[in-house]
Amino acid sequence: MKKKIVLLLSSAFLVFTFFAGILTDNGKAGTTGSPGEKNCTQCHDSFGANTGTGSVTITSNMTNWEYVPGQTYQVSVTVAQSNVSLFGLGFEALQSSGANAGTLTPGTGTQIKNALVGGNQRANIVHTLNGGASANTHTFSFTWTAPSTNVGAITFYAAGNATNNNGSDTGDRVYTATQV
């Protein structure tokens, strides 16, 4: 009898821990809309991507969007939508092969998560729980260190989620942007 109760409680604890992580930390890697990936509309599917009145923009302190090998740059992604107070983000920097380009370092309200896509382990900057809480717009800032050698053109991919903060995936708007 004791063994059954311990086993039952242990199982319940593991299930709770697994689902608590899923339900409280919604940033997901592999959803930027880059080659081989879907975007956030795979879960937040009430509307198609880029169909609302909001936007997502990528900015950086790079001159003319040209990187110097090994140099670290500030990158900001702004997600905007009127009458919204919670925003999400997925961002990655990729070479034309689909492999990571350089190194991402999270800033406030962001974290690194990884996804295996087309044989490449891709590092993504994603939001943390409530990391994008602000009225009408939120800017996620982090750093990107360029590869140590020139690897050619690099593309930044971003997907932003303007959520209605109802605790579910319904009614949210997703916006995407790229920058070479």
Side-chain angles (χ1 to χ4, degrees), residues 21-35 37-67 71-94 100-115 117 122-146 153-180:
I22 290 173
L23 296 174
T24 61
D25 187 5
N26 292 329
K28 293 182 181 178
T31 60
T32 66
S34 67
E37 295 182 7
K38 296 181 181 179
N39 58 46
C40 301
T41 59
Q42 69 187 28
C43 293
H44 300 270
D45 59 357
S46 295
F47 308 100
N50 303 311
T51 60
T53 58
S55 63
V56 61
T57 55
I58 305 169
T59 58
S60 176
N61 63 343
M62 264 183 266
T63 303
N64 298 319
W65 289 105
E66 294 179 5
Y67 67 91
Q71 179 137 355
T72 298
Y73 299 95
Q74 184 73 29
V75 177
S76 295
V77 177
T78 301
V79 186
Q81 173 92 31
S82 296
N83 302 313
V84 170
S85 62
L86 188 61
F87 299 90
L89 169 72
F91 177 92
E92 61 192 355
L94 300 178
N100 288 327
T103 305
L104 296 167
T105 304
T108 303
T110 62
Q111 61 189 324
I112 296 283
K113 286 194 175 179
N114 296 296
V117 178
R122 294 181 178 175
N124 287 211
I125 291 281
V126 299
H127 63 277
T128 59
L129 177 65
N130 295 326
S134 60
N136 300 314
T137 185
H138 190 82
T139 300
F140 297 91
S141 294
F142 47 92
T143 61
W144 174 71
T145 303
I154 293 170
T155 304
F156 291 161
Y157 295 90
N161 192 352
T163 77
N164 60 9
N165 203 9
N166 69 355
S168 79
D169 296 340
T170 61
D172 303 332
R173 296 283 186 168
V174 173
Y175 302 99
T176 60
T178 59
Q179 177 63 57
V180 178

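Just the heavy atoms: all of them, side chains too, but no hydrogens, waters or symmetry mates, feed the values below.
In this structure, Ile58 and Ala177 approach most closely via the heavy-atom pair CD1-O, 3.9 Å. Here the closest non-hydrogen pair linking Ala93 and Leu104 is N-CD1, 4.5 Å. Summarising the geometry of Thr137 relative to Ala80, their closest heavy-atom pair is OG1-CB, 3.9 Å, with the distance given to 0.1 Å.
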| Could you walk me through whether Ser60 and Gln74 pass the side chain to side chain donor-acceptor pair (under 3.5 Å) check? | CA-CA 6 Å; Ser60 176; Gln74 184 73 29; over 6 Å; no
| Does the pair Val180 and Ile154 meet the rule for a side chain to side chain contact (heavy atoms under 4.5 Å, CB included), with working shown? | CA-CA 6 Å; Val180 178; Ile154 293 170; over 6 Å; no
| said: side chain to side chain donor-acceptor pair (under 3.5 Å), that's the test. Do Thr128 and Gln111 meet it? Break it down for me. | reply: CA-CA 6 Å; Thr128 59; Gln111 61 189 324; 5.7 Å; no
| task | Would you check, one step at a time, whether the test side chain to side chain contact (heavy atoms under 4.5 Å, CB included) holds for Thr176 with Thr32? | result | CA-CA 7 Å; Thr176 60; Thr32 66; over 6 Å; no
| message | Assess the residue pair Gln179 and Tyr157 against the criterion (side chain to side chain donor-acceptor pair (under 3.5 Å)); give the C-alpha distance rounded to whole Å, side-chain angles, the decisive distance to 0.1 Å, and a yes or no. | response | CA-CA 7 Å; Gln179 177 63 57; Tyr157 295 90; over 6 Å; no
| request: Mind running side chain to side chain donor-acceptor pair (under 3.5 Å) on Thr155 and Thr178 for me, showing each step along the way? | output: CA-CA 7 Å; Thr155 304; Thr178 59; over 6 Å; no
| query | Where do Glu92 and Glu37 land on the side chain to side chain contact (heavy atoms under 4.5 Å, CB included) test, with the steps shown first? | reply | CA-CA 11 Å; Glu92 61 192 355; Glu37 295 182 7; 2.8 Å; yes
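Looking at Lys113, its side chain never comes within 3.5 Å of a backbone N or O of Val126 through a donor-acceptor pair. Counting only distance, with no hydrogens or angles, the side chain of His138 and the backbone of Val77 share no donor-acceptor pair below 3.5 Å. In terms of modelled atom types and a separation under 3.5 Å, the side chain of Thr163 and the main chain of Asp172 share no donor-acceptor contact. Side-chain atoms of His127 come within 3.5 Å of backbone atoms of Leu89 as a donor-acceptor pair (strictly under, hydrogens ignored). Here the side chain of Ser85 pairs no donor or acceptor atom with the backbone of Ser134 at under 3.5 angstrom. In this structure, the side chain of Asn161 does not engage the main chain of Val174 through any donor-acceptor pair within 3.5 Å. The backbone N or O of Gly90 sits nowhere less than 3.5 Å from a side-chain atom of Asn124 that would complete a donor-acceptor pair.
A ring-centre distance under 6.0 Å is not found for Phe91 and Phe140.
For Thr78 and Thr139, the side-chain atoms include at least one donor-acceptor pair closer than 3.5 Å. Side-chain atoms of Ser141 and Ser76 include a donor-acceptor pair closer than 3.5 Å. Checked by atom type, the side-chain pair Ser34/Arg122 shows a donor-acceptor distance below 3.5 Å.
Between Asn130 and Leu86 there is a side-chain heavy-atom pair separated by less than 4.5 Å.
In this structure, CD1 in Ile125 is found 3.5 Å from CD1 in Ile112, a value given to the nearest 0.5 Å. Distance check: Arg173 CZ to Thr53 OG1 gives 7.0 Å after rounding to the nearest 0.5 Å. Taken from OH in Tyr175 to OG1 in Thr51, the straight-line distance is 6.5 Å, to the nearest 0.5 Å.
Environment of CG in Asn61: crowded, with over 12 heavy atoms of neighbouring residues, nucleotides or ligands closer than 6.0 Å.
Relative orientation of the Tyr73 and Trp144 rings is parallel, given thresholds of 30° and 60° on the angle between their planes.
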